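Bear in mind that the values here come from a model prediction, so they are computed numbers and not experimental data. Chain letters run A, B, ... following the sequence lines, proteins first, then strands; residues in each count from 1.
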Protein chains: 2
Amino acid sequence: MDLSERQLQILQAIINDYVENAEPVGSRSIAKKYDLGVSPATIRNEMSDLEEMGYLTHPHTSAGRVPSDKAYRLYVNNLMKKKNLSARDKRLINERLAASRDEFDATIRHAAELLSEITHLTSFALTPATNEETISFIRLLPVDERTIILMIVGESGNVTNTTLRLKVPYTQERLDLLSKNMTVTYKGRTLDDVLKSHIIEDVGTDIAALNALEAGVMPGFLRTLEDMLNVNLYMEGMTNIFNLPEYSSIDRARDFMQLFAQKDWFTQKILQRADGVVVTIGDENTMMKDCSLITATYHVDGKLVGKIGVIGPTRMKYGEVTSLMEYLTNNLSESFRLTDGEDKTERNDK
Amino acid sequence: MDLSERQLQILQAIINDYVENAEPVGSRSIAKKYDLGVSPATIRNEMSDLEEMGYLTHPHTSAGRVPSDKAYRLYVNNLMKKKNLSARDKRLINERLAASRDEFDATIRHAAELLSEITHLTSFALTPATNEETISFIRLLPVDERTIILMIVGESGNVTNTTLRLKVPYTQERLDLLSKNMTVTYKGRTLDDVLKSHIIEDVGTDIAALNALEAGVMPGFLRTLEDMLNVNLYMEGMTNIFNLPEYSSIDRARDFMQLFAQKDWFTQKILQRADGVVVTIGDENTMMKDCSLITATYHVDGKLVGKIGVIGPTRMKYGEVTSLMEYLTNNLSESFRLTDGEDKTERNDK
DNA sequence: GTTAGCACTCACCCAATCAGAGTGCTAATC
DNA sequence: GATTAGCACTCTGATTGGGTGAGTGCTAAC
């Protein structure tokens with residue numbers, strides 16, 4: 001049972017009004033503000049029908065109507081139209097991202113900043129997931145008699161290193177030999193893959209002398225792989241929600257803040273989401289039932305996939321936020337396209 | 001004009017009571033709970049005197065007394081006695097820190113976690129400041145035709161790296177030569193020092209061929225130095241304050257949260273504080289007038305200095321918190337003492 | 001110097017009241 | 001049959017006023 005054209009208009013009007021003012025909207029104010037050519041009474045009848053169908057709710061008898069999650073879903077799927085970003089916002093984004101273009105993590109952090117500045121909501125950004133990253137080479141460098149640096153370099157330019165203190169002394173040759181052996185063994189394999197075959201493989205059983213050194217290095221190697229797999233989460237604008245009426249109760253505010261207390265858990269939840277712009281509204285979220293969450297994906301060199309996102313109350317300017325996120329992720333993916341011949345340097349220091 | 005013994009007793013009683021219950025304490029309840037051998041009326045007179053001297057305040061005529069910042073200061077300086085940690089807390093700390101002993105940043109994060117878990121306040125930890133860190137060596141490693149990794153290693157084992165995309169191709173020899181030249185030029189100098197002499201020095205003017213490569217590397221080198229100088233801030237238990245009555249108003253809670261919105265600013269403020277256990281109470285803080293802030297320092301290998309801290313309302317168990325922090329920083333410094341011969345690995349991946 | 005006694009002051013809670021916004025229904029109108 | 005005007009009804013939120021209890025400050029007695 002479809003909604004009539006007029007019902008859609010009314011629903012849209014209610015959503016617009018509620019998103020703007022955060023107060024239950026009555027029939028009279030709709031009739032006045034939006035020129036629908038019908039009287040408040042008619043609107044009341046339609047509202048009553050819309051409520052019966054589950055698109056509106058009623059805080060109490062004598063209050064106006066509030067859109068339900070279902071209404072927002074309908075809005076996002078059918079009614080919402082893309083907004084063009086203001087020239088000001090576009091310029092802001094271009095400038096800010098260009099400024100930190102050289103530094104990978106900084107760019108991503110800036111994207112999150114922009115997101116929260118423009119939407120006045122809470123935003124976040126994840127550095128790309130590196131499950132698919134493959135090992136390019138492994139290098140061991142001497143520091144002093146007992147200390148070496150282990151460095152793992154991925155094909156996409158990810159670099160992670162650890163300082164290792166060894167029990168036994170080493171020689172330069174042995175170090176080089178082990179570097180080479182490890183590179184040969186692991187080159188081309190994904191981080192995930194190597195880590196899962198957790199069993200410390202015999203990297204160089206044929207060279208018996210290596211074993212002591214190797215044994216000293218392996219735990220650090222695995223730990224570094226793990227570290228390389230971790231994505232970084234940058235959060236911005238957490239305190240923005242304090243300006244929203246829906247979080248004027250301390251309990252709601254606390255619940256919201258606690259979402260981010262466990263960063264790891266939150267990160268996992270975000271990583272599980274599909275690619276592209278994804279909107280989940282209220283109850284559709286397992287994490288926080290009275291929030292909406294919008295995520296979008298950007299690409300690095302067309303391969304690795306990172307995410308940015310916005311969290312706010314279900315009362316949110318979906319059209320504007322999704323358009324902004326599309327623009328932002330396009331811009332990011334463009335920045336991170338490592339076409340050759342370009343004078344581009346990239347940071348990897350997570 | 002000193003306080004009499006009895007006045008001190010009463011003041012201490014009021015502080016104890018208020019810290020415990022967060023409610024203005026009246027003369028009668030002091031007389032009842034603490035056996036001071038005098039009647040409520042006498043206590044009232046003393047309280048009146050203490051108020052005149054600025055140690056107590058009065059929310060309104062018919063309310064009990066509340067300790068002022070000045071009272072807490074007196075308490076911290078003179079009255080407070082060290083508490084022994086419970087066996088449970090000690091074990092908790094030892095176990096948790098030992099578990100992540102290998103990973104530098106993780107250990108520090110765990111210290112902050114412990115601090116907030118045990119005190120039920122908001123805590124933070126800073127990785128050591130690296131102003132004093134000196135450069136040990138610089139290494140350039142090839143990745144592909146146009147990409148190299150720049151790695152700076154400090155004497156204390158700090159390692160930071162960047163991936164650089166070059167305009168011009170390079171050869172292995174030139175890379176090695178530049179590595180050596182840079183190492184010779186910068187070895188033993190502090191990061192700060194090198195960065196301040198910002199002028200791109202002529203690393204190898206005698207070898208004309210190097211110039212193009214060198215020019216491509218220098219900006220990345222300086223950026224990496226900057227990055228190496230940054231300290232990491234880990235915050236824990238931010239939502240703990242929601243359980244405290246003083247933050248039941250949304251405005252106070254917002255103000256508190258906004259303190260941490262600008263991490264960089266906050267970090268700077270903390271870095272400026274003196275070494276050792278430092279307590280600043282209420283108005284003594286420029287940052288947040290109605291909080292108390294306690295910081296303490298730990299050492300890495302006896303040299304580099306990092307900080308941990310706790311923030312909460314001025315109503316705080318100063319004795320317990322400072323004792324805890326002393327224990328924790330001792331434990332941390334102990335963990336980070338890089339005595340030789342030990343099988344210790346240390347992470348540097350900030 | 002200490003204490004008992006007592007008037008006084010607020011903050012807090014509760015109930016009652018009132019105005020305003022908005023609905024839901026009915027009956028009249030197009 | 002759809003639309004609208006009119007009106008009774010409902011509920012919230014702000015305001016008011018009395019009652020209670022905790023606690024002070026003062027005075028006079030010990």
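- B:E326 meets the side-chain hydrogen bond (donor to acceptor under 3.5 Å, both in side chains) test with no other residue; sequence neighbours excluded.
- In the helix from C:dG1-D:dC30 to C:dC30-D:dG1, the rotation axis of the first five pairs and that of the last five pairs differ in direction by 20°, rounded to 10 degrees.
- Around the CD atom of A:E23, the shell of radius 6.0 Å holds no more than 12 heavy atoms that belong to other residues, nucleotides or ligands.
- With respect to the salt-bridge test (charged N to carboxylate O, under 4.0 angstrom), the residues A:K33 and A:E20 do not qualify.
- Contact check, A:R65 against C:dT23: a side-chain N or O comes under 4.0 Å of OP1 or OP2.
- Contacts with DNA chain D (heavy atom under 4.0 Å) in residues 8-39 of chain A: A:G37, A:V38, A:S39, listed by number.
- In this structure, B:M47 atom CE and D:dC26 atom C1' are separated by 17 Å, rounded to whole Å.
- Taking atom CG on B:D49 and atom C1' on C:dT2, their separation rounds to 14 Å, with Å as the unit.
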Applying side chain to side chain donor-acceptor pair (under 3.5 Å) to B:T280 and B:R273, what does each step give before you reach the verdict? CA-CA 10 Å; B:T280 49; B:R273 292 167 72 91; 3.0 Å; yes
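- When the C1' atom of C:dT3 is taken as reference, atom CD1 of B:I43 falls 12 Å away, rounded to whole Å.
- Taken to the nearest 0.5 Å, the CZ atom of B:F256 stands 5.0 Å off from the CD1 atom of B:I241.
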Could you go over nucleotides 28-30 of chain D and give all protein N or O partners under 3.5 Å, atom names and distances?
none

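- B:N45 places its CG atom 12 Å from the C1' atom of C:dA4, with the value rounded to the nearest Å.
- Around atom CG of A:D35, no more than 12 heavy atoms belonging to other residues, nucleotides or ligands sit under 6.0 Å away.
- If you measure from atom CZ of A:R44 to atom P of C:dT26, you get 14 Å, rounded to the nearest angstrom.
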Protein-nucleotides 11-17 of chain D N/O pairs closer than 3.5 Å?
| from | atom 1 | to | atom 2 | distance (Å) |
| --- | --- | --- | --- | --- |
| D:dC11 | OP1 | A:T61 | OG1 | 3.3 |
| D:dC11 | O2 | A:S62 | OG | 2.9 |

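- Side chains of B:L8 and B:N78 form no contact here, defined as non-hydrogen atoms less than 4.5 Å apart.
- Checked against the 6.0 Å centroid threshold, B:F124 and B:F260 do not count as a close aromatic pair.
- Judged by distance alone, with hydrogens and angles left aside, the side-chain atoms of B:T295 form no donor-acceptor pair with the main-chain N or O of B:I308 at under 3.5 Å.
- Within 6.0 Å of atom CD in A:E52, 12 or fewer heavy atoms from other residues, nucleotides or ligands are found, so the atom counts as exposed in its surroundings.
- Between A:D251 and A:R254, at least one side-chain nitrogen of the basic residue sits less than 4.0 Å from a carboxylate oxygen of the acidic one, meeting the salt-bridge criterion.
- Rounded to a whole Å, the CD atom of A:E52 is 15 Å from the C1' atom of C:dT23.
- The side-chain hydrogen bond (donor to acceptor under 3.5 Å, both in side chains) pairs that include a residue from residues 307-324 of chain B are B:E246-B:R315, B:S292-B:Y318, where partners are two or more places apart or lie in different chains.
- Between B:I294 and B:M316, the closest side-chain pair of non-hydrogen atoms falls below 4.5 Å.
- Going from atom CG of A:L56 over to atom P of C:dG22 covers 15 Å, rounded to whole Å.
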